[in-house]
Amino acid sequence: MKQKSLVSRRTFLKGAAATVATVSFGGTFLDFLFSGLSPAVAAENSTVELFRSACPRNCYDTCAILSTVQDGVLKKVAGDPASTYTRGRLCAKGFSYTRSVYSPDRIKYPMRQIGRGSGNWQRISWDEAYTEIAQNMLRLKREYGSTLPICLNKYSGNFDIMHYGIEGMLTSIGNTTRATGTPCWPAGIDAQTFDFGTIVCNDPEDIVNSKYLIIWGANPAWCSVHSMYFVKAAQQRGCKVVVIDPILTQTASKADLYIQIKSSTDGALALGMARYILDHNLYDGEWLAKNSKGAEEFFSYLNNNITLEWAAEKTGIPQHIIEMLAREYATTKPANIWIGYGMQRHTNGGQNVRAIDALAAITGNIGKSGGGAQYAQLETWGFKYHAMSQTKPANSGGKEDRAININNFGAEVLNAQDPPIKMLWIACRGPMTQDPETAVVKKAFEGMDLVVTADLYMTPTVEMSDIVLPVTTAFETPGVNVSYWHYWLSLNEQAIKPMYESKNDITIAMELSAKLNELEQGSCTFPTSGDLQEWVGKEFSEGIYKQFGIQDWQQLKKGPVKAKGGLIAWQDSKFKTPSGKYELWSTEAEKYGHFPLPVYVEEMQSTEKYPLRCITPHWKLSIHSQFQNLDWMAAVNNEPHIEIHPKVAAKYHIKDNDSVKMFNDIGYIMLPAKITETVSPDVVAVYETWYKNKKFNVNYTVKAIPADMGKKATGAPGIAFHDNFVAIQKV
Ligand SMILES: Nc1nc2c(c(=O)[nH]1)N[C@H]1C(S)=C(S)[C@@H](COP(=O)(O)OP(=O)(O)OC[C@H]3O[C@@H](n4cnc5c(=O)[nH]c(N)nc54)[C@H](O)[C@@H]3O)O[C@H]1N2
Ligand SMILES: Nc1nc2c(c(=O)[nH]1)N[C@H]1C(S)=C(S)[C@@H](COP(=O)(O)OP(=O)(O)OC[C@H]3O[C@@H](n4cnc5c(=O)[nH]c(N)nc54)[C@H](O)[C@@H]3O)O[C@H]1N2
Ligand SMILES: [Mo]
């Protein structure tokens, strides 16, 4: 692969440390000292280069990275100080990239498995892999009259913009079946879409201007590490930080006030607070009159249906605490709420988000620096999606793509008819660990003619595949990344050559296209060749250039850039709802089968048989099925556990480290107990992640229960991961 455009800012470091101090971009001697290279390694004939990388994971932080490459080897990664969000630092996962790139567990070449799940893998050439895949695609098209039996499941393993070309690849063969929606955040997106018209958040760096901050069902100390700098900075400037979570998380441990809430009752707390604000005349009538629709109806709902006593009983939070919180929140300006994704993974998650949004609206905190109801933003995602935008070949059969719900993938694959699904293409995705009802997902895999997975490691999903294609890490390929939280744009330069026989997903798409056309001319429209850097360049739109104040994407080689405006959400009060106002009363919500107001929708209840709610939040040392498998992470922690409150543990005669069976009617898992008061007595907590060589996967017990919202914005409802009811026993 060509690297010519890197030359301009490469730093060839030859000779001793003295020379080093004079080079490197942003280049100080300190950079070198912290580069991880001793003067001894910067010896004669040794070449040290620095590259700008970007972390492409599905993470708030989407870090700008500086990569140090010595003689073609990635030696060190560091946060890029040029981004005032990343601020020169990385999280534990980010720092482990040097281990993941060179992990002996990387899949090195294409392989075919003789007997799905058998572990009997044979090395094959890329040509053999493409031939087998292409022959199967063409056969299915012949047998069923279209390419609809071919199903793509792709989500968040790599969020680089060019990687949407994976969807493009499937488009280029004809109409196919697509796993649609997201397991991540859809209920909250719909809720904010009903209220505001779309999702936009303040620049997270603006948190420093808050005087009151409620972090509500989010755990940034683990899941958005860099945001914690701004939370701390705000605190130092006098901001009171409150955390509301069923778990006393690491984020909560840094707060001024931690409120333990019964899971899934956040709407009751928000509405109770709203009632207090109404009763004490603490709302911003002027803002509401000017900017909102439905305030009268909302207040009337509060008056007729909501009491503080009820809110206290529902949430398990003493009434005087709810009153204090409401008073402080409404009277300290500007006040900010960070609405996390954890709290919307419930059957009433969307409604609860609407109730919290309403708090920000009635107190006039919308459109203000230091204020707002922060959920996420997609404002910086206006790329061309060049790789994704492919045309379908003529006469490839079928009328249109067929959508199946990504959040009930196993069952929907099994149920698909006319035509049935016969082949899976899986990329950037681990359904066998990340989807609910793993046993059903497994059954769906078992019914396939062919499963192809493109991945880096031997994950449980790869183990259930017939052909595995090795892909590159972000360091081995170019790309471009933005965040759904902050407002930075980062180029990802190729820093090292692809390891072993690995290839970028887009290269795979191009080469497969060549094979398909070789076997049947015109069967695939995807380009059959192209330079990956040029592919990256083609993703940039005029809108992106304007928003970020650049003329050419190559300027990003000098460093990441931040959006020039739009950093305070809804500052112009021009809401994107049908009425153009903030909609406490949303007819759009009504259209989707919800009550038009942010009302309380009853939370799911436990049953006698399964009395405990198991919540499965995200883990500090992984991002889903990634990172926890690495040796550095295993050295810190190599065992999942179940967190149980001492009162609950006593009831079941469970002691610390006892082996516990957690089960319900769809499955069970066994894992050691961690008895801790940090978890509320109405839940047990098991962190979802993938451990290499461990018999652990919490999703064997998680049912595919839909969240209330998500269909409008993402095509399928979200998933109520945290409405999973279980029983436990000591074994
Ligand atoms: N280290 C790490 N970072 C990550 C990820 C990861 O897996 N690991 N994943 C990334 C992705 S894809 C996402 S979506 C985000 C998720 O980011 P977050 O939303 O911060 O993380 P979660 O763990 O999903 O949930 C946050 C908190 O919600 C709480 N919670 C659960 N139910 C309720 C409830 O009913 N009410 C309230 N108030 N709280 C509740 C959980 O106890 C948990 O502490 O993080 C991203 N960053
Ligand atoms: N029980 C429970 N389950 C959950 C959640 C929960 O809270 N509880 N959270 C859900 C959420 S929020 C999310 S976002 C999903 C995430 O689930 P997924 O979208 O499946 O994401 P990951 O597990 O991060 O990555 C999937 C795979 O992508 C691979 N990959 C990485 N880079 C590339 C690349 O460049 N190309 C290709 N082809 N593959 C690559 C990785 O090696 C990994 O095996 O999990 C969901 N699952
Ligand atoms: Mo997610």
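As the structure lists them, so they are numbered: ligands from 1, and atoms in each ligand from 1. Just so it is clear, the structure is predicted and the values come from calculations on it, not from any experiment.
We find that Asp435 and Arg429 are joined by a salt bridge, their nearest charged nitrogen and carboxylate oxygen being less than 4.0 Å apart. The pair Arg178-Glu167 does not count as a salt bridge, with every side-chain nitrogen at least 4.0 angstrom from each carboxylate oxygen. Using a cutoff of 4.0 Å between basic side-chain nitrogens and carboxylate oxygens, Lys314 and Glu602 are scored as salt-bridged. Note on Lys692 versus Glu463: no salt bridge recorded, every NZ/NE/NH1/NH2 to OD/OE distance being 4.0 Å or above.
Close approach to Ile247 involves these atoms of ligand 1, each under 4.0 Å from a residue heavy atom: 42 (O). Set against the non-hydrogen atoms of Ser263, the atoms of ligand 1 under 4.0 Å away are 32 (N), 33 (C), 34 (C), 35 (O).
A heavy-atom separation below 4.0 Å is found between Trp619 and ligand 1. Taking 4.0 Å as the cut-off, Pro617 does not count as a neighbour of ligand 2 on heavy-atom distance. Heavy-atom distances between Ser156 and ligand 1 stay at or above 4.0 Å for every pair. Residue contacts with ligand 1 include Lys93, since one or more of its heavy atoms lies under 4.0 Å from the ligand.
By the 3.5 Å distance cut-off applied to N or O atoms, Tyr457 is not counted among the residues near ligand 2. Below 3.5 Å of separation, one finds no N or O of Pro183 facing any N or O of ligand 2. Of the N or O atoms in Arg429, one or more lie within a sub-3.5 Å distance of an N or O in ligand 2. The shortest N/O to N/O separation between Trp222 and ligand 1 falls below 3.5 Å. For a threshold of 3.5 Å applied to N or O pairs, the pair formed by Val698 and ligand 2 contains no separation below that value. Residue Thr249 has no N or O atom closer than 3.5 Å to an N or O atom of ligand 1. The shortest N or O to N or O distance between Tyr341 and ligand 1 is under 3.5 Å. Considering backbone and side-chain N/O of Asp455, one or more are found under 3.5 Å from N/O of ligand 2.
Checked options Phe230, Trp485, Trp216; the residue passing with Trp338 is Trp485 (criterion: ring pair (Phe, Tyr, Trp, His ring centres under 6.0 Å)).
Closest protein heavy atom to atom 14 (S) of ligand 1: Cys184 SG, 3.1 Å. Nearest protein neighbour of atom 2 (C) of ligand 1, counting heavy atoms only, is Ser622 O, 3.2 Å. Of all protein heavy atoms, the one lying nearest to atom 21 (O) of ligand 1 is Cys223 SG, 3.6 Å. Considering only non-hydrogen protein atoms, atom 9 (N) of ligand 1 sits nearest to His618 ND1, 3.0 Å. Atom 25 (O) of ligand 1 has as its closest protein heavy atom Gly342 CA, 3.2 Å. Closest to atom 30 (N) of ligand 1 among all protein heavy atoms lies Pro246 CD, 3.8 Å. Considering only non-hydrogen protein atoms, atom 10 (C) of ligand 2 sits nearest to Phe721 CE1, 3.7 Å. Scanning all protein heavy atoms for the shortest distance to atom 35 (O) of ligand 1 gives Ser264 N, 2.7 Å.
Scanning Gly718, Cys428, Ser625, Gly479 for the heavy atom closest to atom 40 (C) of ligand 2 points to Cys428. Considering Gln434, His346, Arg345 only, the shortest heavy-atom separation from atom 32 (N) of ligand 1 involves His346. Nearest to atom 26 (C) of ligand 1 by heavy-atom distance, out of Gly340, Gly217, Ala92, is Gly217. Considering only non-hydrogen atoms, atom 17 (O) of ligand 1 lies nearest to Tyr60 out of Trp216, Phe159, Tyr60. Closest heavy-atom approach to atom 37 (C) of ligand 1 among the candidates Thr616, Ile214, Asp266, Thr315: Asp266. Across the listed options His624, Met458, Lys154, His624 owns the non-hydrogen atom lying nearest to atom 13 (C) of ligand 2. Taking each of Asp245, Leu248, Asn219 in turn, the one with a heavy atom nearest to atom 29 (C) of ligand 1 proves to be Asp245.
When heavy-atom distances to ligand 1 are checked against a 4.0 Å cut-off, Ile623 comes that close through both its backbone and its side chain. Of the heavy atoms in Asn58, both backbone and side-chain atoms come closer than 4.0 Å to ligand 1. Residue contacts with ligand 1 for Thr689 are absent, since no atom lies close enough (heavy atoms, distance under 4.0 Å). Only the side chain of Asn699 comes within 4.0 Å of ligand 2, judged by heavy-atom distances. For Ser224, no heavy-atom contact with ligand 1 is shorter than 4.0 Å.
The shortest side-chain heavy-atom distance between Met662 and Cys614 falls under the 4.5 Å cut-off.
The aromatic rings of His722 and His346 sit tilted relative to each other, their planes meeting at an angle between 30° and 60°. Using the six-membered ring where Trp is involved, Phe159 and Tyr164 have ring planes that are parallel, under 30° apart on the 30 and 60° scheme.
The nearest pair of heavy atoms linking Ala387 to Ile506 is CB-CD1, 4.5 Å.
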| query | Can you list the steps and then say if Leu532 with Thr507 is a side chain to side chain contact (heavy atoms under 4.5 Å, CB included)? | reply | CA-CA 8 Å; Leu532 285 182; Thr507 306; 3.5 Å; yes

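Taking OG from Ser622 and CZ from Phe627, the interatomic distance works out to 9.0 Å, rounded to the nearest 0.5 Å.
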